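Notes follow once the structure below has been shown.
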Amino acid sequence: MSDYREAFVGIDVAKLRNAIAIADAGREGEVRFFDQVDASDESMRRVIQRIGNRFDRVHFCYEAGPTGYGLYRSRSVADSEEAQRSREAWLQAQQFDHPAHQIALQEMVEAVRISKERAERLERVIEEFVPAWSLAPIVRALQTLRGVDLIVAVTFATEIGDVRRFESPRQLMGYVGLVPGERSTGETVRRGGITKAGNGRIRHMLVESAWTYRHAPKVGAKKLYRLEQAPPGVREIAWKAQARLTARYRMLSGRGKKTTVVCTAIARELVGFMWAVAREAHAT
C-alpha cells in the first residue's frame with residue numbers, strides 16, 4: 001500500500017474561470033496552486049480527469065454558492081446509478097458515538113430510499129396507463145426532444161392540454177411565465193426578468209430539461225427509439241431543436257451568462273419546439 005496516493009483538491013469557483021489548488025501529501029500537506037481553467041463543463045471535466053489519473057483517490061471541495069452548485073450538478077449528472085447506490089451504502093456504514101445521531105442518519109437515509117421507490121413506482125403506473133390516453137400521441141412525440149422524458153411530457157400534456165389553443169409559440173411561452181417582464185413609461189420600455197406567471201410546475205420542469213442542452217448534439221439509444229417511432233415531421237423538429245439549443249447554450253455560456261440565465265433562455269425556446277412538436281403530432 002506504500003504506492004497508494006491520495007489528494008485533496010480545492011476549487012475557487014467563479015463565473016468565467018476556476019482556480020484550483022491541490023495537496024497531495026495528506027490533509028496536513030503543502031497546498032500548492034495547480035491550474036486556472038475555463039469554468040465550462042468540458043474544461044472542468046478534462047482537468048478533473050487529469051487529476052484523477054494521477055491519484056488513487058481524490059477529494060474535492062468547493063464553495064456552495066450559485067457557481068458551486070452548477071459545478072456539482074455537472075459532475076453529479078454524469079454519475080451512474082451504481083455510483084448512487086455506492087454512496088447510499090457508504091452512508092449506511094457510517095458510525096456515530098451517540099445513538100441519537102445514528103437514529104437520525106438512518107431515518108434520513110430511509111426517507112430518501114422510500115421517496116425514490118415511490119417515485120419509480122408512480123412512474124411505472126403512469127407509463128402503463130399512457131397508451132390508452134387520448135393524448136398518448138402527443139406524449140410520445142414530445143419525448144423525441146432532448147431533456148423531455150416521460151414525466152415532463154405527461155406533465156406538459158396534462159397542464160397545457162390542446163396546444164392548438166395557442167396561436168403562436170410566444171403565447172405559450174407567456175402562459176408558462178418564461179417571457180421577460182416589461183415596464184413602460186412613455187416611450188421608454190424596460191425589460192426585466194421572466195414574469196413567472198402561469199404554471200410554475202411546467203416552468204420548473206422545463207428549466208431542468210434545459211440543463212441537458214449543455215452537451216453537444218447527440219442521439220442516444222433511448223431517443224433513437226423514440227425518433228424511429230415518430231412521424232417524419234416530428235423527427236425533423238426534434239433534431240432542429242437539439243442542434244439550435246445546444247449551440248445557443250454554448251453561445252450564451254461563452255458570453256459569461258449565469259447558468260440559471262442560460263437555462264431559462266433555453267427553456268423558453270424549448271417551449272416553442274414543444275408547441276411545434278405537439279401541433280405536428282395533432283396533424284398526423
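Keep in mind the model is a prediction, meaning the values are calculated, not measured. Only heavy atoms go into these numbers, but all of them, side chains included; no hydrogens, no water, no symmetry mates.
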**Q.** Interatomic spacing from CD1 in Ile160 to CG in Leu135 - rounded to 0.5 Å
**A.** 11.5 Å

Could you go through residues 200-207 and list every donor-acceptor pair under 3.5 Å that involves a side-chain atom there, pairing it with any protein atom two or more places apart or in another chain?
unit_1	atom_1	unit_2	atom_2	d
Arg201	NH1	Glu159	OE2	2.6
Arg203	NH1	Val176	O	2.8
Arg203	NH1	Ala197	O	3.0
Arg203	NH2	Lys196	O	3.3

Q) Can you tell me how far OG of Ser134 sits from CG of Asp162, rounded to the nearest 0.5 angstrom? A) 10.0 Å

Q: Output all residues satisfying side chain to side chain donor-acceptor pair (under 3.5 Å) with Arg244, sequence neighbours left out; order by chain, then residue number.
A: Glu269

Q. Is there side-chain contact between Tyr213 and Leu270, with heavy atoms separated by less than 4.5 Å?
A. yes

Q.
Quick check: closest heavy atoms across Ala141 and Thr144, and the distance to 0.1 Å?
A. O-OG1, 2.6 Å

(Q) Are there over 12 heavy-atom neighbours, none belonging to Arg118, within less than 6.0 Å of that residue's CZ? (A) no

Q.
If you define the side chain from C-beta out and look only at heavy atoms, does anything of Thr246 sit under 4.5 Å from Arg146?
A. yes

Q) So which heavy atom on Asp35 is nearest to which on Val37, and how close? A) OD2-CG1, 3.7 Å

Q. Under 4.5 Å between any side-chain heavy atoms of Leu145 and Arg226, yes or no?
A. no

Q) After noting the C-alpha distance and the side-chain angles of Glu120 and Glu123, does the key distance pass the side chain to side chain contact (heavy atoms under 4.5 Å, CB included) rule? A) CA-CA 5 Å; Glu120 292 173 347; Glu123 185 168 349; 5.7 Å; no

Q.
Quick check for you: to the nearest 0.5 Å, what is the distance between Ile266 atom CD1 and Thr259 atom OG1?
A. 11.5 Å

Q: Let me see the working for Ile11 and Phe60 under side chain to side chain contact (heavy atoms under 4.5 Å, CB included), right down to the final yes or no.
A: CA-CA 8 Å; Ile11 306 175; Phe60 290 92; 4.1 Å; yes

Q. What are the two closest heavy atoms between Cys263 and Ala210, and how far apart are they?
A. O-CB, 3.2 Å

Q.
Would you say Val179 ends up clustered with Val261 if hydrophobic residues are merged whenever their side chains have heavy atoms under 4.5 Å apart, either directly or through other cluster members?
A. no

(Q) Let's go through Trp133 and Thr158 carefully: what are the C-alpha distance in whole Å and the side-chain angles of both, what is the deciding distance for side chain to side chain contact (heavy atoms under 4.5 Å, CB included) to 0.1 Å, and is it a yes or a no? (A) CA-CA 11 Å; Trp133 189 24; Thr158 301; 3.4 Å; yes

Q. Can you find a heavy atom in the side chain of Phe8 that is under 4.5 Å from one in the side chain of Arg57?
A. no

Q: Before giving the answer on side chain to side chain contact (heavy atoms under 4.5 Å, CB included), spell out for Leu105 and Gln94 the whole-Å C-alpha distance, their side-chain angles and the decisive distance to 0.1 Å.
A: CA-CA 9 Å; Leu105 173 65; Gln94 300 311 297; 4.0 Å; yes

Q: List in chain and number order the residues that pass side chain to side chain donor-acceptor pair (under 3.5 Å) with Glu228, two or more places apart in sequence or in another chain; answer none if no residue qualifies.
A: none

(Q) If we ignore hydrogens and angles and just use 3.5 Å, is the side chain of Lys223 paired with the main-chain N or O of Gln143 as donor and acceptor? (A) yes

Q: May I ask you to decide whether Asp149 forms a salt bridge with Lys222, counting only side-chain N to carboxylate O separations under 4.0 Å?
A: no

**Q.** Heavy-atom side-chain contact between Val58 and Glu6 under 4.5 Å
**A.** no

Q: Tell me, please, which residues at least two apart from Ser115 pass side-chain contact (heavy atoms from CB on, under 4.5 Å).
A: none

Q | Reported CD1-to-CD1 distance for the pair Ile126 and Ile151, which is rounded to 0.5 angstrom | A | 4.0 Å

Without placing hydrogens or testing angles, list every side-chain donor-acceptor pair under 3.5 Å for residues 277-284, not counting sequence neighbours.
unit_1	atom_1	unit_2	atom_2	d
Thr284	OG1	Glu280	O	3.4
Thr284	OG1	Ala281	O	3.1

Q: Determine which pairs satisfy salt bridge (Lys or Arg N to Asp or Glu O under 4.0 Å) with at least one residue from residues 98-115, sequence neighbours left out, and list them in order.
A: Glu110-Arg113, Arg113-Glu117

Q: Nearest 0.5 Å please: distance from the OG1 atom of Thr212 over to the NZ atom of Lys218.
A: 13.5 Å

Only pairs under 3.5 Å count here: list side-chain donor-acceptor contacts from residues 250-257, not counting sequence neighbours, and write none if there are none.
unit_1	atom_1	unit_2	atom_2	d
Ser253	OG	Tyr249	O	3.0

(Q) Using side-chain heavy atoms (C-beta onward) and a distance below 4.5 Å, is Phe156 in contact with Met274? (A) yes

Q | Counterpart residues, side-chain contact (heavy atoms from CB on, under 4.5 Å), relative to Phe33 (two or more places apart) | A | Ala19, Gln36

Q.
Holding to side-chain contact (heavy atoms from CB on, under 4.5 Å), I want the full list of residues that pass it with Tyr225, two or more places apart in sequence or in another chain.
A. Gln229

Q: Taking the side chain as every heavy atom from C-beta outward, state whether Val112 and Val109 have any pair of such atoms under 4.5 Å apart.
A: no

Q: Identify, with sequence neighbours excluded, every residue that meets ring pair (Phe, Tyr, Trp, His ring centres under 6.0 Å) alongside Phe166.
A: Tyr175

Q. What's the shortest heavy-atom distance between Pro169 and Trp275, and which atoms?
A. CG-CE3, 3.4 Å

Pairs under 3.5 angstrom only: tabulate donor-acceptor contacts from the side chains of residues 230-237 to other protein residues two or more places apart or in another chain.
unit_1	atom_1	unit_2	atom_2	d
Arg235	NH1	Ala230	O	2.6

Q. Considering all heavy atoms of both residues, which atom of Glu127 and which atom of Leu150 are nearest to each other, and what is their separation?
A. CB-CD2, 3.7 Å

Q: Please confirm whether the backbone N or O of Glu167 pairs with a side-chain atom of Gln171, one donor and one acceptor, at under 3.5 Å?
A: yes

**Q.** Smallest separation among heavy atoms of Val152 and Gly147, with atom names
**A.** CG2-O, 4.3 Å

Q) Can you tell me if Arg214 uses its side chain to pair, donor with acceptor, with the backbone of Trp211 under 3.5 Å? A) yes

(Q) Connecting only ILVMFWY residues whose side-chain heavy atoms lie within less than 4.5 Å of each other, what is the rest of Val219's hydrophobic cluster? (A) Leu224, Leu227, Trp239

